[in-house]
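For reference, the structure discussed in these notes is given below.
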Number of protein chains: 2
Amino acid sequence: MNLKKLSEILGLSQTTVSRALNGYPEVNEETRIRVQAAAAKHGYRPNSRAKGLATGRSLVIGHVIPTSSQHEMVNPIFGDFVAGAARAYAQHNYDMMFTHAPDTSIEESYRSLFNRGVVDGIVLQGPKVNEPRIPVLSRLGVPFIVHGRSTGTQVPYDWIDVNNQRSFERATQFLIDLGHRRIALINGLEEMDFAWRRRNGYLTALKKAELTPDPALLRSAEMTEIYGYQTACDILKLDDPPTAILASSIISAIGVRRALEESGLKMGRDISVIAHDDELSYMRNGQDVPIFTATRSSVRHAGELAAEMLIERINAPDDPPKSCLLEAELVVGNSTGPVRQRS
Amino acid sequence: MNLKKLSEILGLSQTTVSRALNGYPEVNEETRIRVQAAAAKHGYRPNSRAKGLATGRSLVIGHVIPTSSQHEMVNPIFGDFVAGAARAYAQHNYDMMFTHAPDTSIEESYRSLFNRGVVDGIVLQGPKVNEPRIPVLSRLGVPFIVHGRSTGTQVPYDWIDVNNQRSFERATQFLIDLGHRRIALINGLEEMDFAWRRRNGYLTALKKAELTPDPALLRSAEMTEIYGYQTACDILKLDDPPTAILASSIISAIGVRRALEESGLKMGRDISVIAHDDELSYMRNGQDVPIFTATRSSVRHAGELAAEMLIERINAPDDPPKSCLLEAELVVGNSTGPVRQRS
DNA sequence: CGTATCATTCAAAGCGCTTTGAAAATTTAA
DNA sequence: TTAAATTTTCAAAGCGCTTTGAATGATACG
């Protein structure tokens, strides 16, 4: 069923039928009702390709996933972010599109996606320090929003981010206040901007307390469970092991916990652990009492806000750049406690 | 830059340019090279809406996510499956589209997605027992593939699935062989087909061993960490607690482990645990030695195969129905051992 | 040299929709 | 009653591409 057939059935022109369905005022109310009824009856759905071709809009938002980063899409954090975004898209009648792009040709991929008219806007996830994709998108004139920020990037752009530096500074400070002096940071990949900022927050807190950072306690990698486990095992073997650990994600914190338990250490008593909690749906940080003391900020909520901001941008391409900085809460659980004198 | 402009620049007709770029034989090789060079130089990208309109193909695969199931997309299993699929799509030049659909109007959503010409095919994830969406898609004549199967569905359809029944029967059998008689099943939602089959496998093994299932040991819910934790806590409080636990996902198994550790029980010695391991990228089941004895099958690989099968189907709509049944391995880790006499 | 054959190229129609500018039908004003 | 204003409907152009059917130029054959 298409517009032509429908209008023939109704004995009206395509123009009138189209207008009736799209809510234009210059059509008789009686006719409109007749048209709507017929459309419903015959299950008429305007072809979105044709519609897009005619209007220049696709009502689709693109998410581009670098092929190399095998992990991007598979990352539970990604899943929650996207789920939040999907919610907002649905409300505004947008669909969501994912493209894999070989990172040899990121610029090309973006240009392609936008120029081919596939999408109206793009969400950029997981920005690195000096993220090259940002200037690319900016130059292309594509409406886009960054989840996170990119230190060192000069061009203006829309973003939404958690105050990673501040939250990790606070967490570190919290541990220092409990008497901890040797604090390990099990961080994400530090080429990623969020990890870089967290590291800075951690270092800032140490500095303020006049503590010297120990490179042996600073680790960085993709935030898997295994990584948390191995790193913790590793760190505990040091001559002078830390009394507290800061983990960049609940997932690696779970690995840390596994390592601690294997070593017979009790969290909160023998060693303190703070994790960053993105409030992943499948990995809640306990129920009433948090499992881990944590810096908490819902990545799902961030996804929802990001989508809203992007849609606003699409509707008002010339507004000045927007941004949104979310503060993470510091929630206290049982995984932290005063430093314990080593026996 | 569009076809018209490009052909004007080249002094050729749109026909020739189009053919040159799409590899048709009836164009002079010399001309083709000239055209390709110009296309590259001007960054020409055919508009996919227009292309789709002209060809009737969109090179997009749709994944529909019921709005109600807040968890679908957020489920790490979903993420891994989709990552696998994305890989295959990329290879065949397909993009991937997600739509949220209110479950009040699933049929409508599918019809819409396909009839609007947005997608060439659809992946149906998380089928339930007697999944109503399957006959709907079948009737619409949309190419589609089901990840999983649906007990009770009569119409033929393409599917790819793990042999859930068999793998859980084997796992249960394995525990019985170790002397366990009271075995708990911490299952997924049993309206889901996979969970239903796992339950059957479990019951079959019990039956073969002439053991009577105890309803108190049969639990079912969304497979989160918290659920695993709470259920395990709950079950351990029974007068006659189980000596072994079968968990339907690594994620809930992690919750189970947390509960066991809190109770001071050692996995593999005091109590045995087997989990189903989807080989989630961020939640590997240990490295060399598995953390959990597990039934193992990569959901990511399944995603890749599913995508391949769907693309085949799109290219050959009239082939007979295809299916693919994967067998899960049973890998033995340290979480299982012979039953221990209760003191 | 004239005709048949092949290799290239082209103009134009069509995909299904929106939208412009004009025409018909109706109402209002003079 | 007629002209002007308003409401309602329409034909046709256009979005950017593919593809059909015809035309052109080059080559081969008798």
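So you know, we letter chains A, B, ... as the sequences are listed, proteins then strands, and number each from 1. No hydrogens, no waters, no symmetry mates; every other heavy atom, side chains included, goes into these values.
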Inset, instruction - Scan nucleotides 17-26 of chain C nucleotide by nucleotide, 5' to 3', and note B when protein non-hydrogen atoms come under 4.0 Å of the base, S if they reach only the sugar-phosphate, - if neither. - result: BBBBB-----
Inset, instruction - Quick one: which residue pairs count as a salt bridge (charged side-chain N to carboxylate O under 4.0 Å, His left out) with a foot in residues 139-157 of chain A, not counting sequence neighbours? - result: A:Glu107-A:Arg139, A:Arg149-A:Asp161
Legend entry - DNA chain C: 5'-proximal contact among B:Leu53 and B:Leu12 (nearest heavy atom): B:Leu12
Inset, instruction - For B:Tyr94, check side chain to side chain donor-acceptor pair (under 3.5 Å) against everything at least two apart and list the hits. - result: none
Legend entry - Results of side chain to side chain donor-acceptor pair (under 3.5 Å) for B:Arg57 - residues two or more places apart only: B:Asn315
Legend entry - Partner residues of B:Asp120 under the side chain to side chain donor-acceptor pair (under 3.5 Å) criterion, sequence neighbours left out: B:Ser58
Inset, instruction - Figure out the CG/C1' separation between B:Asn28 and C:dC6, and round it to whole Å. - result: 13 Å
Inset, instruction - Check each of B:Ile314, B:Ile122, B:Asp95 against B:Ile61 using the side chain to side chain contact (heavy atoms under 4.5 Å, CB included) test, and report the only one that passes. - result: B:Ile314
Legend entry - Net bend of the helix from C:dC1-D:dG30 to C:dA30-D:dT1, end axes of five pairs each, nearest 10 degrees: 60°
Legend entry - Distance, rounded to the nearest Å, where B:Glu8 contributes CD and D:dG16 contributes C1': 13 Å
Legend entry - Residues in side chain to side chain donor-acceptor pair (under 3.5 Å) contact with A:Thr15, at least two apart in sequence or another chain: none
Name the atoms and distances for all side-chain donor-acceptor pairs under 3.5 Å in residues 18-29 of chain A, with sequence neighbours left out.
unit_1	atom_1	unit_2	atom_2	d
A:Asn22	ND2	A:Ser18	O	3.1
A:Asn28	OD1	A:Glu30	N	3.0
A:Glu29	OE2	A:Arg32	NE	3.4

Inset, instruction - Hey, could you give me each pair passing ring-ring contact (aromatic ring centres under 6.0 Å, His included) that has a residue in residues 126-156 of chain B? Not counting sequence neighbours. - result: B:Phe81-B:His147
Legend entry - Rounded distance in Å - CD (B:Glu30) to P (D:dA26): 13 Å
Inset, instruction - Describe the nucleic acid contact of A:Thr31 in one word from base, sugar-phosphate, nothing, applying a heavy-atom distance below 4.0 Å. - result: sugar-phosphate
